[in-house]
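The structure appears right after this line, and notes come after that.
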Amino acid sequence: MDKLVVYGRKPLSGSVEINGAKNAVLPIMAAALLVDGKIKLNRVPDLRDTRTMIRLLDMMGVKTDFREHCLTMDASNVSSFEAPYDLVSTMRASFYVMGPLLGRFGEARVSLPGGCAWGPRPVDYHLKGFAKLGADVRLEKGYIIARAKKLKGDRIHFEIPSVGATGNIVMAAVLAEGTTQITNAAKEPHIVQLCEVLIAMGAQIEGIGTSVLKIHGVKSLDPVEATTIPDMIEAGTFLLAGATLGDITLNNVKASHLSIVLQKLDQAGCKIQVNDESISIEKCQELEAVDMTTDVHPGFPTDLQAQWVALMSVANGSSIITDTIYHDRFAHVPELVRLGANIFHENNVAVVRGVNGLKGARVMSTDIRASASLVIAALMAEGKSDISRIYHIDRGYEKIEEKFKSLGADISRESE
Ligand code: UD1
C-alpha cells in the first residue's frame with residue numbers, strides 16, 4: 001500500500017492544470033450503454049474510479065480504449081447486464097449503469113451498494129423511480145434485479161435532490177415511452193453536463209440546470225464526442241491549499257461552478273482573481289474563520305467540507321461547519337486533531353477553533369475528500385506527516401502529489 005510523505009510549510013507558487021470532473025465522467029461513461037455505436041470522451045481523468053468504471057463496462061461487453069485522457073466506448077455488443085458486488089463495493093457510482101441498462105435492454109442486475117464511510121447512503125430514490133417507470137424491481141441475494149418490457153414515462157419527485165438518482169432516472173427515461181417529469185431534480189454541473197451529452201446523442205430533455213426536468217423518450221440515441229467539464233472539487237481543493245500556502249493559478253476551471261467557495265474564501269480574507277478559464281489565489285496573511293453549511297448546488301459542496309474544515313483549523317477565531325447532505329461525513333476530524341487541530345464534532349456539526357499552527361504526524365485516509373483535507377493540513381503543518389491508505393485519494397485525484405510537487409510542495413509517494 002502506498003502512503004504520502006509530506007514535509008509541510010513549503011510555500012506554493014506557479015500554475016496547475018485541473019482535470020476533467022470525476023463526477024461528470026462516471027455517469028457519462030454509464031450513458032455509453034445507451035448507444036449502439038461509439039462514444040468518445042475527451043479530458044477523462046485517469047483515476048481509480050474511472051478505471052473501475054472501465055472494468056465494469058468491459059465486463060459487460062463494451063469495447064473501451066483509454067489513452068491520454070481520451071476514452072472511447074462502444075456498446076454495440078453488450079453481453080451482460082450485471083454489475084458485480086466486487087466492483088460496486090469499491091465504487092458506488094457503478095450503480096449508474098442500472099438506468100441505461102433498464103432503458104435500453106429492459107434488464108439490469110446490480111449489486112446493492114453497502115455502507116460507506118459517510119454513513120448510510122441509500123439508493124431508494126433510484127429504485128422507486130425505476131418502479132414508477134414500470135420496472136419490476138426486487139432484491140435477490142444482495143443484488144437488485146430490475147426488469148421491464150418497455151419503460152413508460154411518469155412523474156417522479158425526489159424528497160432530496162439526489163445527484164445519483166437524478167442521473168440514473170434521466171438515463172432510464174431517455175429511451176422510455178412518453179414523458180418523464182422529475183421534480184426536485186439535482187442541478188449540479190455534472191448533471192447538467194450529463195443532460196447536455198444525452199441531448200447531443202439525440203435525447204429530448206427540457207429544464208436542464210433547473211429542479212424540474214422533462215424527458216421526452218426517443219426510440220434510439222446516436223454516437224457522440226464530448227469533452228468533460230473541469231473538476232470543481234479538484235479545483236476547490238487546490239484553491240483551499242493556496243489560501244495559506246501560496247500564490248497559485250488553476251487552469252481549466254469554471255469559476256461559476258465555484259461561486260460559493262470563492263465567496264467564502266473572500267470572506268476569509270483571501271485575494272482571488274478570476275479570468276476566463278483560470279483562477280489565481282494569493283497567500284492570505286490573516287485568514288479569518290468563516291462558518292459554512294453545505295448544500296446542494298449552487299450551495300457549498302459537501303465534497304469540499306473536509307477541506308474547508310482543514311483550512312479553518314488554522315484561521316483566526318472559531319467557525320461552525322455543518323454538513324446538511326451527509327450527516328456522518330466527519331471521519332477527517334479525529335485525523336486533523338492528530339495534526340494539532342482543535343475541533344469539536346457532534347452530529348452533523350464541527351466547531352473549529354483556529355490554532356496557531358499544525359504539527360506533522362501519522363494520519364490515515366478514510367475516503368476521497370477526507371484524504372484531500374489531510375493533504376492540505378499536512379502541507380500547512382510543521383514537520384513530517386505520513387498519510388496512509390492513499391488509495392482513497394487516487395479514486396478522485398490524478399497524481400495529486402505530482403501536482404503539488406510542481407507547485408513547490410515537499411510531498412512524495414512511498415510504499416508502506
Ligand atoms: C454524489 C457524488 C458525491 C457527492 C454527492 C452530493 C458522484 C459519483 N458522487 O453522490 O461525490 O458528495 O453527490 O453532492 O457524483 N439519498 C437518499 N436516497 C437515495 C439517494 C440519495 O436518501 O436514493 C440521500 C443521500 O443519503 C444524501 C442525499 O440524498 O443524504 C444526497 O445524495 P446524492 O446526491 O444521491 O449523492 P450521490 O449521488 O451518492
Side-chain angles (χ1 to χ4, degrees), residues 20-31 45 47-50 52-53 56 87-88 90-99 110 112-132 137 139 144 156-172 182 184-194 211 228-229 231-234 236-237 257-258 260-261 293-308 322-332 347-348 367-373 392-393 395-397:
K22 168 179 94 74
N23 288 353
V25 150
L26 296 175
I28 298 171
M29 289 172 74
L47 306 168
R48 267 175 90 102
D49 275 13
T50 339
T52 303
M53 191 60 110
L56 177 56
L87 291 187
V88 182
T90 57
M91 188 186 71
R92 300 172 61 84
S94 314
F95 211 71
Y96 269 134
V97 299
M98 191 141 206
V110 178
L112 183 65
C116 161
W118 313 350
R121 288 178 74 186
V123 286
D124 54 325
Y125 299 172
H126 305 236
L127 303 183
K128 282 180 203 151
F130 295 137
K132 202 87 196 291
V137 181
L139 176 70
I144 300 292
I156 293 170
H157 178 79
F158 297 135
E159 238 156 85
I160 303 172
S162 156
V163 171
T166 303
N168 229 342
I169 299 301
V170 168
M171 289 191 280
I182 305 177
N184 211 16
K187 297 182 283 192
E188 268 64 11
H190 28 290
I191 291 296
V192 169
Q193 176 163 53
L194 171 67
S211 52
T228 318
I229 54 168
D231 195 319
M232 64 179 199
I233 306 301
E234 189 196 19
T237 301
H257 294 169
L258 282 160
I260 183 74
V261 180
T293 299
T294 65
D295 205 348
V296 295
H297 192 76
F300 197 102
T302 171
D303 284 357
L304 285 172
Q305 177 259 107
Q307 300 89 317
W308 189 258
T322 311
D323 200 318
T324 65
I325 311 288
Y326 286 107
H327 293 191
D328 298 320
R329 197 176 189 179
F330 287 95
H332 44 288
N347 302 322
N348 65 333
D367 67 68
I368 309 177
R369 310 304 171 185
S371 325
S373 82
H392 288 292
I393 209 162
R395 289 188 51 198
Y397 294 84

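Each ligand, and each atom within it, is numbered from 1 in the order the structure gives.
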>> Is any side-chain heavy atom of Gln193 closer than 4.5 Å to one of Ile28?
In response: yes
> Considering only heavy atoms from C-beta outward, does the side chain of Thr322 approach that of His327 to under 4.5 Å?
Replying inline: no
> Between Arg369 and Tyr397, is any side-chain donor less than 3.5 angstrom from a side-chain acceptor?
Replying inline: yes
> Closest non-hydrogen protein atom to atom 18 (N) of ligand 1, residue and atom name please, with distance?
Replying inline: Asp124 OD1, 2.7 Å
> What do you reckon, does Gly164 have a nitrogen or oxygen under 3.5 Å from a nitrogen or oxygen of ligand 1?
Replying inline: yes
> Within a strict 4.5 Å, meaning less than it, do heavy atoms of the Val88 and Arg92 side chains meet?
Replying inline: no
>> Quick test: of every protein heavy atom, which one is nearest to atom 2 (C) of ligand 1, and how far off is it to 0.1 Å?
In response: Asn23 ND2, 3.6 Å
> Which residue and non-hydrogen atom of the protein lie closest to atom 5 (C) of ligand 1, and at what distance in Å?
Replying inline: Tyr326 CE1, 4.0 Å
>> What I want to check is whether the side chains of His126 and Asn168 have a donor and an acceptor closer together than 3.5 Å.
In response: yes
>> Among all the protein's non-hydrogen atoms, which is closest to atom 28 (C) of ligand 1, and how far away is it?
In response: Ile160 CG2, 4.0 Å
>> If you measure every N or O of Arg121 against every N or O of ligand 1, does any of those distances drop under 3.5 Å?
In response: yes
> Which residue supplies the protein heavy atom nearest to atom 22 (O) of ligand 1, what is that atom called, and how far is it?
Replying inline: Pro122 CG, 3.5 Å
> Do Pro161 and ligand 1 have an N or O pair less than 3.5 Å apart?
Replying inline: no
> If we only count N/O pairs under 3.5 Å, is Ser162 in contact with ligand 1?
Replying inline: yes
> Is any side-chain heavy atom of Thr237 less than 4.5 Å from a side-chain heavy atom of Leu304?
Replying inline: yes
> Of the protein's non-hydrogen atoms, which lies at the shortest distance from atom 34 (O) of ligand 1, and what is that distance?
Replying inline: Val163 N, 2.7 Å
> Between Met53 and Leu56, is any pair of side-chain heavy atoms under 4.5 Å apart?
Replying inline: yes
> Based purely on interatomic distance, does Ile325 place a nitrogen or oxygen under 3.5 Å from a nitrogen or oxygen of ligand 1?
Replying inline: yes
>> Side chains of Asp323 and Thr294: any donor to acceptor distance under 3.5 Å?
In response: yes
> Looking only at heavy atoms, is any part of Thr302 under 4.0 Å from ligand 1, and if so is it the side chain, the backbone, or both, or is it neither?
Replying inline: side chain
> Is there a nitrogen or oxygen of Lys22 sitting under 3.5 Å from a nitrogen or oxygen of ligand 1?
Replying inline: no
> With backbone taken as N, CA, C and O and side chain as the heavy atoms from C-beta onward, which portion of Arg329 lies under 4.0 Å from ligand 1: side chain, backbone, both, or neither?
Replying inline: side chain
>> Are any of the N/O atoms on Asp303, whether in the backbone or the side chain, positioned under 3.5 angstrom from an N/O atom of ligand 1?
In response: yes
> Against heavy atoms of His126, which atoms of ligand 1 measure under 4.0 Å?
Replying inline: 23 (O)
> Using a distance-only test with no angle check, is there a side-chain donor-acceptor pair under 3.5 angstrom linking Gln307 and His332?
Replying inline: no
> So which protein heavy atom does atom 16 (N) of ligand 1 come closest to, and at what separation?
Replying inline: Tyr125 CE1, 4.0 Å
